[in-house]
Number of protein chains: 2
Amino acid sequence: MTPFEAIAEPSRRAILDLLREGEQPAGSIVSAVGMSQPGVSKQLKLLREAGLVSMRADGQRRLYRLEPGGLADLEAWLLPYRRFWARRLTALDDHLEREQ
Amino acid sequence: MTPFEAIAEPSRRAILDLLREGEQPAGSIVSAVGMSQPGVSKQLKLLREAGLVSMRADGQRRLYRLEPGGLADLEAWLLPYRRFWARRLTALDDHLEREQ
DNA sequence: GAGTTATATTTCTTTTGCGCTATATAATTG
DNA sequence: CAATTATATAGCGCAAAAGAAATATAACTC
């Protein structure tokens with residue numbers, strides 16, 4: 001699963017948002033998002049496959065956290081769009097200036 | 001369809017990437033991405049519903065272009081993650097400095 | 001107005017993905 | 001070691017989405 005597909009699903013975005021607060025055991029995530037335990041477990045697996053989160057074992061618990069750089073591909077894809085819009089705004093500014 | 005879902009599909013990202021070169025008639029998009037004409041038409045409709053592109057008629061042709069700000073929601077969602085990682089890097093820097 | 005071009009819509013089949021329940025695994029406690 | 005807790009996996013039903021073919025619509029040309 002690509003990061004693009006991973007963030008398409010609201011429940012996965014909710015999990016990621018939650019993990020911004022810091023590392024959390026799977027159980028806390030289940031409590032936070034209103035979803036069944038197996039459902040959360042499945043989404044966590046997909047998020048791991050997408051490289052957006054990582055896991056470590058702590059006894060019987062599994063601690064999940066955001067993977068730094070997991071959204072790098074997404075950021076990289078977005079970059080030229082930011083440039084595109086910046087150019088458009090510049091062009092608009094120029095246009096408005098010429099009209100004055 | 002949300003922008004998050006819209007960019008999940010590779011063919012739709014290809015269309016968006018293509019439109020960064022400027023406004024294009026539907027036919028050019030069909031030629032560029034290797035997909036059937038109805039398929040492209042369907043994806044263009046979804047991209048419009050997501051607010052990522054807009055269309056104007058020019059005779060019998062339909063000209064599509066990127067909608068500025070269409071990815072704003074996505075950018076807004078990403079913002080706190082950039083802050084999150086910036087903090088992490090700062091914390092790492094601090095740590096390394098203390099070790100010196 | 002008949003034929004042609006450009007695009008959209010409909011319809012169908014197939015695949016994918018979500019969320020659930022039930023079950024398995026693995027660590028912990030008594 | 002039996003019972004409990006934490007998490008993962010398997011299997012299922014269903015809804016959504018993708019891709020293709022066929023058809024419709026609308027504009028243009030002669």
Side-chain angles (χ1 to χ4, degrees), chain A residues 1-19 21-67 70 73-74 77, chain B residues 1-19 21-67 70 73-74 77:
Chain A
M1 166 149 311
T2 70
F4 295 95
E5 294 161 341
I7 67 162
E9 202 59 33
S11 71
R12 285 192 292 263
R13 286 202 301 280
I15 291 174
L16 293 173
D17 290 346
L18 187 66
L19 289 178
E21 298 172 12
E23 194 177 45
Q24 306 229 13
S28 303
I29 302 174
V30 172
S31 307
V33 315
M35 211 159 85
S36 70
Q37 180 268 318
V40 170
S41 188
K42 188 190 277 187
Q43 303 305 336
L44 286 170
K45 186 179 190 176
L46 294 174
L47 287 171
R48 240 184 311 159
E49 286 172 13
L52 298 189
V53 308
S54 59
M55 186 211 65
R56 68 188 179 93
D58 171 36
Q60 64 188 140
R61 296 187 310 171
R62 298 292 180 266
L63 300 178
Y64 285 86
R65 62 176 151 151
L66 289 185
E67 186 65 20
D73 283 356
L74 179 57
W77 181 78
Chain B
M1 167 149 309
T2 70
F4 295 96
E5 293 161 343
I7 67 163
E9 203 58 35
S11 71
R12 285 193 292 262
R13 286 201 301 280
I15 292 175
L16 293 173
D17 289 346
L18 187 66
L19 289 179
E21 298 172 12
E23 195 177 44
Q24 307 230 12
S28 303
I29 302 173
V30 171
S31 308
V33 315
M35 211 158 85
S36 70
Q37 180 268 318
V40 170
S41 189
K42 187 192 277 187
Q43 301 306 335
L44 286 171
K45 185 179 188 177
L46 294 174
L47 287 170
R48 240 183 311 158
E49 286 173 13
L52 298 189
V53 309
S54 59
M55 186 211 64
R56 68 187 179 94
D58 171 36
Q60 64 188 141
R61 296 187 309 172
R62 298 290 180 267
L63 300 178
Y64 285 86
R65 62 177 151 147
L66 289 184
E67 186 65 20
D73 283 356
L74 180 56
W77 182 77

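Quick note: numbers below take in every heavy atom, side chains included, and nothing from hydrogens, waters or symmetry partners.
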Tell me, which of [range] have any heavy atom that sits under 4.0 Å from an atom in DNA chain D?
range                     : answer
residues 46-67 of chain B : Leu46(B), Gly59(B), Gln60(B)
residues 1-11 of chain B  : Glu9(B)
residues 23-41 of chain B : Met35(B), Ser36(B), Pro38(B)

As an exercise, state the distance from [atom1] of [X] to [atom2] of [Y], rounded to the nearest 0.5 Å.
X        : Y        : atom1 : atom2 : result
Leu18(B) : Tyr64(B) : CG    : OH    : 13.5 Å
Gln24(A) : Leu66(A) : CD    : CG    : 10.0 Å
Ile29(B) : Ser11(B) : CD1   : OG    : 11.5 Å

Is the shortest side-chain heavy-atom distance between [X] and [Y] below 4.5 Å?
X        : Y        : result
Trp77(B) : Leu16(A) : yes
Leu47(A) : Ile15(A) : yes
Ser41(A) : Lys45(A) : no

Is there a side-chain contact (heavy atoms from CB on, under 4.5 Å) between Asp73(A) and Thr2(A) once you walk through the steps?
-> CA-CA 9 Å; Asp73(A) 283 356; Thr2(A) 70; over 6 Å; no
Using the heavy-atom set of chain A and a strict 4.0 Å cut-off, write down the first and last nucleotide of DNA chain C that makes it in, 5' to 3'.
->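 Listed 5' to 3', the contact boundaries are dC18(C) to dT28(C).
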Closest approach of [X] and [Y], non-hydrogen atoms and distance?
X        : Y        : value
Ser54(B) : Glu67(B) : OG-OE1, 2.9 Å
Val33(A) : Ala14(A) : CG1-CB, 4.3 Å
Pro3(B)  : Gly70(B) : CG-O, 3.9 Å
Ala8(A)  : Ala8(B)  : CB-CB, 3.9 Å

For the pair Arg65(B) (side chain) and Met55(B) (backbone), establish whether a donor and an acceptor sit closer than 3.5 Å, ignoring hydrogens and angles.
->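 Checked: no pair found.
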Please list all pairs passing the salt bridge (Lys or Arg N to Asp or Glu O under 4.0 Å) test where one or both residues lie in residues 50-61 of chain A, with sequence neighbours left out.
->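 Sorted pair list: Glu23(A)-Arg56(A), Asp58(A)-Arg61(A).
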Which two nucleotides bound the region of DNA chain D that has atoms under 4.0 Å from heavy atoms of chain B, read 5' to 3'?
->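 So the contact region on DNA chain D extends dA18(D) to dC28(D).
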Among Glu9(A), Arg12(A), Arg48(A), which one satisfies side-chain hydrogen bond (donor to acceptor under 3.5 Å, both in side chains) with Gln43(A)?
->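 The passing option is Arg12(A).
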